[in-house]
Number of protein chains: 2
Amino acid sequence: MPQREHSSAQATSYATESATQEGLDEIRRELGQDAVSTDVDDLEEHGFSEWSTSNTTARPRAVVRPSSTEEVSAIAKICTKYKIPMVPFGAGSSVEGNFSSPHSGICIDMSLMDKIVEFHPEDLDIVVQAGVNWTNLNEKIKVSGLFLPLDPGPTALIGGMIATNCSGTNAMRYGTMKDYVINLTVVLADGSVVKTRRRPRKTSAGYNLTALFTGSEGTLGIITEATLKLAIIPPKQSVAIATFPTVKDAAGAASDMIRGGVNLAALELMDDVQMKVVNSSGGAGGRKWEEQPTLFLKFSGTEQAIKDSIRAAKQVAKSSGCGSFTSATSEAEMESLWSARKQALWACLAVRPEGTEVWSTDVAVPISRMSDMIDECKGDAAKLGLFSSVLGHVGDGNFHQMIMYNPNKPEEKAAVKKVIDDMMHKALRMEGTVSGEHGIGIGKKECLLEELGPTTIGVMKSFKRSVDPHWLMNPGKVFDE
Amino acid sequence: MPQREHSSAQATSYATESATQEGLDEIRRELGQDAVSTDVDDLEEHGFSEWSTSNTTARPRAVVRPSSTEEVSAIAKICTKYKIPMVPFGAGSSVEGNFSSPHSGICIDMSLMDKIVEFHPEDLDIVVQAGVNWTNLNEKIKVSGLFLPLDPGPTALIGGMIATNCSGTNAMRYGTMKDYVINLTVVLADGSVVKTRRRPRKTSAGYNLTALFTGSEGTLGIITEATLKLAIIPPKQSVAIATFPTVKDAAGAASDMIRGGVNLAALELMDDVQMKVVNSSGGAGGRKWEEQPTLFLKFSGTEQAIKDSIRAAKQVAKSSGCGSFTSATSEAEMESLWSARKQALWACLAVRPEGTEVWSTDVAVPISRMSDMIDECKGDAAKLGLFSSVLGHVGDGNFHQMIMYNPNKPEEKAAVKKVIDDMMHKALRMEGTVSGEHGIGIGKKECLLEELGPTTIGVMKSFKRSVDPHWLMNPGKVFDE
């Protein structure tokens, strides 16, 4: 689903084709022939994503697969010597072109670094390589009663999750990726290896480099290893859903629950279109869903605490115009009620008409602005006469809008672009952000500049330049040189 | 209580006395005569603290009191022009010499910037100037049902709290200062004004400058304004205390409660010496306290949730060798039980013999190492034959050791220093940190270098240099040039 074709301003002069080949030969000598792939399909898979809203025409010259921090360091040294751009790659599941290769160079695929290095259940933490998949990780450590409470796309790898500061439906209760990183091992452009901290859960010692590298989208260095905090799997969970006459009512009820201190583990919104899609894609959880704006509520804790919270949530929902309010009475019903939320994205893709593409984006605004924001965005999108839906992590003031359009109709594409651009401006006018969880990549650089202004972006650039003077680390992302 | 006299390596050449005076004249012209003080007592109060473990002999040349971000910017421009060191100052309650003036220069006292700029109760956030005092803030907003859940020393100002990433007894449940900063307005050395973010609670847009400035101890810029997240005042709270035969047992029980997922709002430890001191300083809460290592537990939530948590905590405590376990049955008893913890520091100072000083420090280690760590540190200190006590935020693996000694006995001072140095090394061997919440200041620079190594410190320095090329912002702190 490529919507935007991006190029980037380039002041730095990168390696010529022959210098790049020389560099690759050197990498082969260091890491072995098998570590470097120039297979066309491999390059395509690492340079383009059907899932991404933003893509570029350029492709990496090679995909390199290191298997240790030392190998990543060796690659970086060689790339610096020849001025070859380096693009770190996890699962390739990001959606703003975060791993695309606008300046070509080499793609550093971290998937071989998939080891759990040390597990400290007694300290509630784990040391992992960057290529570990989070669903595998949670499966492996389940028996300890601990888990990593993020839930981005199921294929995501830890390194990419940290690089984009990912989150998902659990963020309301547990926070985002940044709240789970104790320390990072990062390889800088010149090959030096930095460990940001030791292993205490709390510290005030020195600059918080951990937080700076988290969310920097691979532009400051390549994350090779991380120590992560883990959370305790809650003793019990439950789910409730509440329907509302309008999206504005639903978002308003969400704000009221937050402000009222209702103890929620997740608070998600799906609009009437999303609910229709769930039904027409065959339903979910064996249910016929009401095709109305719906809040999905998750609760966790002891049995009594959950009961208290459901009661409190219902009371707020009812006083905000809620129609039906259904809470799960069994584990099976809980799974069934949550299934519509879980399958929302897949349901959309299942009903997508042949030849259309999806423009998907996310913003976040202060909680009190959310209902106006969603209402306005939905209204603007509706005027297009195209399929569009709203779905969101409303507990964090963060939501996604998805619009399907025909990329072969330039006027349609332009109209969609205008709606999305307006959405960004609206979010900024409401003191929000142009990305709550997908990051900037190549897709939102202009928006970021508008959000923060040249002085603040200037400080970010000066930090980057101080550790990456040749602008080799994932160039063309977040901001241009 | 000055224990360490510090000087700093200085590569940069700072303003001469006459250049400093010229700069001060320029500041007077910009801000008015009253904004600049050279009163000797004022200089002394801003350059030295009886409370601090670390002090320096140098004093600032002047104390400047700006009343707006624009005035701070004007000061910074003038200081950069004349190369005058700038030391931001909040309440002066930090204890590692964080606000001392080893290179003299001017002290920028933020206390006039004490305005609440905007309060958004519906968004659970507030915009404040850096000079706002946190206890006043919480008093003012109490009626909204919201509060800022940090609890450092009662005099602390928001700017200083952010600069040292403060915490306190609430950190276990609510996290540290970094978890409450949505955005910062910061004046850089050259006078440029940076706003790190807009006002969304969640974002993945651009580098996390907010987190980098938080905890940087004024060495990257001067915080003038902040948007802070607020938390909802819990509907109910309760307190329990549990005594143990040894400190090791108490710390072990604390670890077990954390690992067992007991829902606690705070988890504090005081050793037998601390409990004795509370009794001998007149008791607290009208009680005669058992003089044994004691855990102080705080619970919050609904009535039922609290009951469940107290039961779970008691069960763990009993299976870890707990002697008595007392939980509050009324609000008055709750206050009474918590009072010993609240008054611990004051009680110590009250019983301090004339002529002695207190060496107080904090470290944090992974939770499973805590009981060994505390046990060893207490043992080492006991060998000195001096008064020493342990008190800690054990829920975070973070604790304080306090030793009283006679500064006029060089061999006694040296022996205390050795015990403290050993404590730092021990924390590092256990993968901990040399500061859980007090920061580095001038007191722990060597320890920080040992903790993180020259490559990591090198990256911090390069970030500093990129926004403070003349090394003017709070020089001599965290690390040297």
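Every heavy atom of this structure was used, including side-chain atoms; hydrogens, water molecules and symmetry mates were not.
Atoms NZ and OG, from A/Lys444 and B/Ser204 in turn, are 10.0 Å apart once rounded to the nearest 0.5 Å.
Taking a cutoff of 4.0 Å between a charged side-chain nitrogen and a carboxylate oxygen, B/Lys202 and A/Glu437 qualify as a salt bridge.
Heavy-atom distances place the side chain of B/Ile232, and not its backbone, under 4.5 Å from chain A. With a 4.5 angstrom heavy-atom cutoff, A/Leu146 touches chain B only via side-chain atoms. Looking at A/Thr219, the atoms closer than 4.5 Å to chain B (heavy atoms on both sides) sit in the backbone and in the side chain alike. Only the side chain of A/Asp308 comes within contact range of chain B, judged by heavy atoms closer than 4.5 Å.
Put simply, the residue from A/Thr433, A/Ile367, A/Ile258 that forms a side chain to side chain contact (heavy atoms under 4.5 Å, CB included) with B/Arg201 is A/Ile367.
Classification of the B/Phe213-A/Phe463 ring pair by plane angle, with boundaries at 30° and 60°, yields tilted.
Considering only heavy-atom pairs separated by less than 4.5 Å from chain A, the leading option among B/Val478, B/Thr455, B/Leu212, B/Val467 is B/Leu212. Taking B/Ala211, B/Gly436, B/Gly206 one by one and counting their heavy-atom pairs under 4.5 Å with chain A, the maximum is reached by B/Gly436. Comparing B/Pro234, B/Pro235, B/Gly458, B/Ser144 by heavy-atom pairs within less than 4.5 Å of chain A, the highest count is held by B/Ser144.
Taking 4.5 Å as the heavy-atom cut-off, the residues of residues 174-189 of chain B that approach chain A are B/Thr176, B/Lys178, B/Asp179, B/Leu188, ordered by number.
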